[in-house]
Amino acid sequence: MLSTTDNIFPVYHEILGRPEKEALLKQRSKVIWLTGLSGAGKTTLAKYLEEALFSKGFFTQVLDGDNIRSGINSNLGFSDADRFENIRRIAEVSKLLVNCGVITINCFISPTEEIRDMARRIIGKDDFIEIYVNAPLQVCEERDVKGLYSRARRGEIKDFTGISSPFETPENIDIEIRTDLQTIEASVKQILEFVLPRVKF
Ligand code: ADP
């Protein structure tokens with residue numbers, strides 16, 4: 001019996017490649033992967049980082065958890081299997097964007113080493129910049145940007161990362177940003193120092 005993939009023939013050789021697209025955009029594409037607890041500052045930093053890169057002439061795209069979950073991944077929840085599938089699809093989408101020459105900034109809790117390793121494997125380690133956006137749980141909980149922590153504490157949200165679902169400290173990071181200890185401006189500067197040499201054409 002034929003498997004579902006036996007009759008699929010991906011075509012890459014007839015399509016314009018990444019080098020041509022990077023040359024057009026005058027940049028090297030990378031995925032900047034922000035991992036961390038809810039409320040740690042991923043979305044905030046992504047926004048400022050994108051503005052900073054864009055103002056320097058770089059072409060970027062932010063992928064954010066809530067947007068993706070309300071669109072392409074609207075059928076997924078927060079079980080281990082769904083979290084895995086959520087990140088698998090996001091990694092595949094990111095790979096497409098990187099192959100288009102786009103600098104992709106991703107804001108996803110991505111709570112386990114296994115999940116982050118999968119994303120790195122799909123995207124390719126040379127294109128994957130991992131940033132740990134770190135603030136202690138207590139600080140994230142005090143910020144409670146979306147009121148989710150208090151709902152999780154009341155038991156209204158199950159499998160909430162940091163409360164009833166684990167967040168494993170990332171082991172393979174390129175940068176750690178302590179958003180409880182430094183300003184947004186200092187954090188963006190720290191990220192740019194690492195990223196700019198890697199995206200310059
Ligand atoms: P996440 O995307 O990780 O869930 P958000 O960016 O949505 O987090 O929320 C982080 C909150 O923390 C925002 O309200 C932001 O204004 C606030 N905040 C306070 N100080 C900082 C800082 N130094 N860096 C980033 N965010 C900060």
Side-chain angles (χ1 to χ4, degrees), residues 30-55 60-74 76-79 82-84 86-87 89-91 93-94 97 103-113 115-116 119-120 123 128-154 156-196:
K30 298 281 173 213
V31 176
I32 303 169
W33 193 285
L34 307 179
T35 174
L37 290 169
S38 176
K42 301 179 295 298
T43 308
T44 305
L45 290 180
K47 178 174 165 286
Y48 281 87
L49 179 63
E50 179 171 53
E51 279 168 10
L53 285 169
F54 203 75
S55 71
T60 51
Q61 175 66 49
V62 174
L63 299 180
D64 183 78
D66 287 350
N67 295 351
I68 294 280
R69 279 191 174 276
S70 64
I72 188 173
N73 287 353
S74 61
L76 300 178
F78 290 87
S79 66
D82 279 7
R83 283 178 191 267
F84 205 80
N86 181 46
I87 298 296
R89 289 184 202 168
I90 290 157
V93 169
S94 306
L97 287 168
I103 297 164
T104 307
I105 305 169
N106 283 0
C107 320
F108 298 98
I109 296 173
S110 27
T112 64
E113 274 301 273
I115 277 181
R116 294 182 290 259
R120 188 184 303 103
I123 292 162
F128 191 84
I129 297 172
E130 187 173 331
I131 300 180
Y132 180 21
V133 182
N134 185 11
L137 176 65
Q138 194 195 337
V139 172
C140 297
E141 206 166 345
E142 277 160 19
R143 288 178 182 162
D144 209 4
V145 189
K146 301 169 200 154
L148 297 176
Y149 281 99
S150 41
R151 288 182 55 205
R153 288 286 184 201
R154 289 199 298 270
E156 291 169 17
I157 307 173
K158 70 181 190 66
D159 300 330
F160 192 76
T161 306
I163 306 292
S164 44
S165 184
F167 182 85
E168 295 172 7
T169 304
E171 305 282 349
N172 289 304
I173 51 169
D174 296 295
I175 312 171
E176 179 178 0
I177 304 284
R178 282 292 300 262
T179 65
D180 58 322
L181 299 179
Q182 64 185 45
T183 62
I184 294 171
E185 290 70 24
S187 303
V188 171
K189 186 164 173 282
Q190 189 186 343
I191 297 173
L192 283 178
E193 273 166 15
F194 186 86
V195 165
L196 282 177

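Note that the numbering runs from 1 along the sequence shown for the chain. As the structure lists them, so they are numbered: ligands from 1, and atoms in each ligand from 1.
Here the closest heavy-atom approach between residue Arg116 and residue Glu168 is recorded as NH2-O, 2.8 Å. Across all non-hydrogen atoms, the minimal contact from Ile175 to Ile191 is CD1-CA, 4.0 Å.
Nearest protein neighbour of atom 9 (O) of ligand 1, counting heavy atoms only, is Val145 CG2, 3.4 Å. For atom 8 (O) of ligand 1, the nearest protein heavy atom (residue, atom name, distance) is Gly41 N, 3.2 Å. At the top of the distance list for atom 5 (P) of ligand 1, counting protein heavy atoms only, stands Thr44 OG1, 3.6 Å.
Residue contacts with ligand 1 include Ala40, since one or more of its heavy atoms lies under 4.0 Å from the ligand. Residue contact check for ligand 1: Cys107 places no non-hydrogen atom closer than 4.0 Å to it. At least one heavy atom of Gly39 sits less than 4.0 Å from an atom of ligand 1. Ligand 1 is never approached by Leu34 to a heavy-atom distance shorter than 4.0 Å. Ligand 1 has at least one atom lying under 4.0 Å from a heavy atom of Ile184.
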From CA spacing to verdict: side chain to side chain donor-acceptor pair (under 3.5 Å), Arg83, Thr112: CA-CA 10 Å; Arg83 283 178 191 267; Thr112 64; over 6 Å; no
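Atom CG in Leu53 sits 6.5 Å away from atom OG1 in Thr60 (nearest 0.5 Å). The distance from the CG atom of Leu34 to the CD1 atom of Ile173 is 12.0 Å, given to the nearest 0.5 Å.
With a 4.0 Å cut-off on non-hydrogen atoms, Leu37 touches ligand 1 through its backbone and not its side chain.
Between the Arg89 side chain and the Asn73 main chain, no donor and acceptor come within less than 3.5 Å of each other.
Of the candidates Glu185, Lys47, Arg143, Arg143 brings a heavy atom nearest to atom 21 (C) of ligand 1. Of the options Glu142, Gln182, Arg178, Lys42, the smallest heavy-atom separation from atom 23 (N) of ligand 1 is shown by Gln182.
At a 3.5 angstrom cut-off on N or O pairs, Thr43 counts as close to ligand 1.
Phe160 and Tyr149 have perpendicular rings, their planes meeting at more than 60° on a 0 to 90° scale where under 30° would count as parallel.
Shown here is Gln138, whose CD atom has no more than 12 heavy atoms of other residues, nucleotides or ligands within 6.0 Å.
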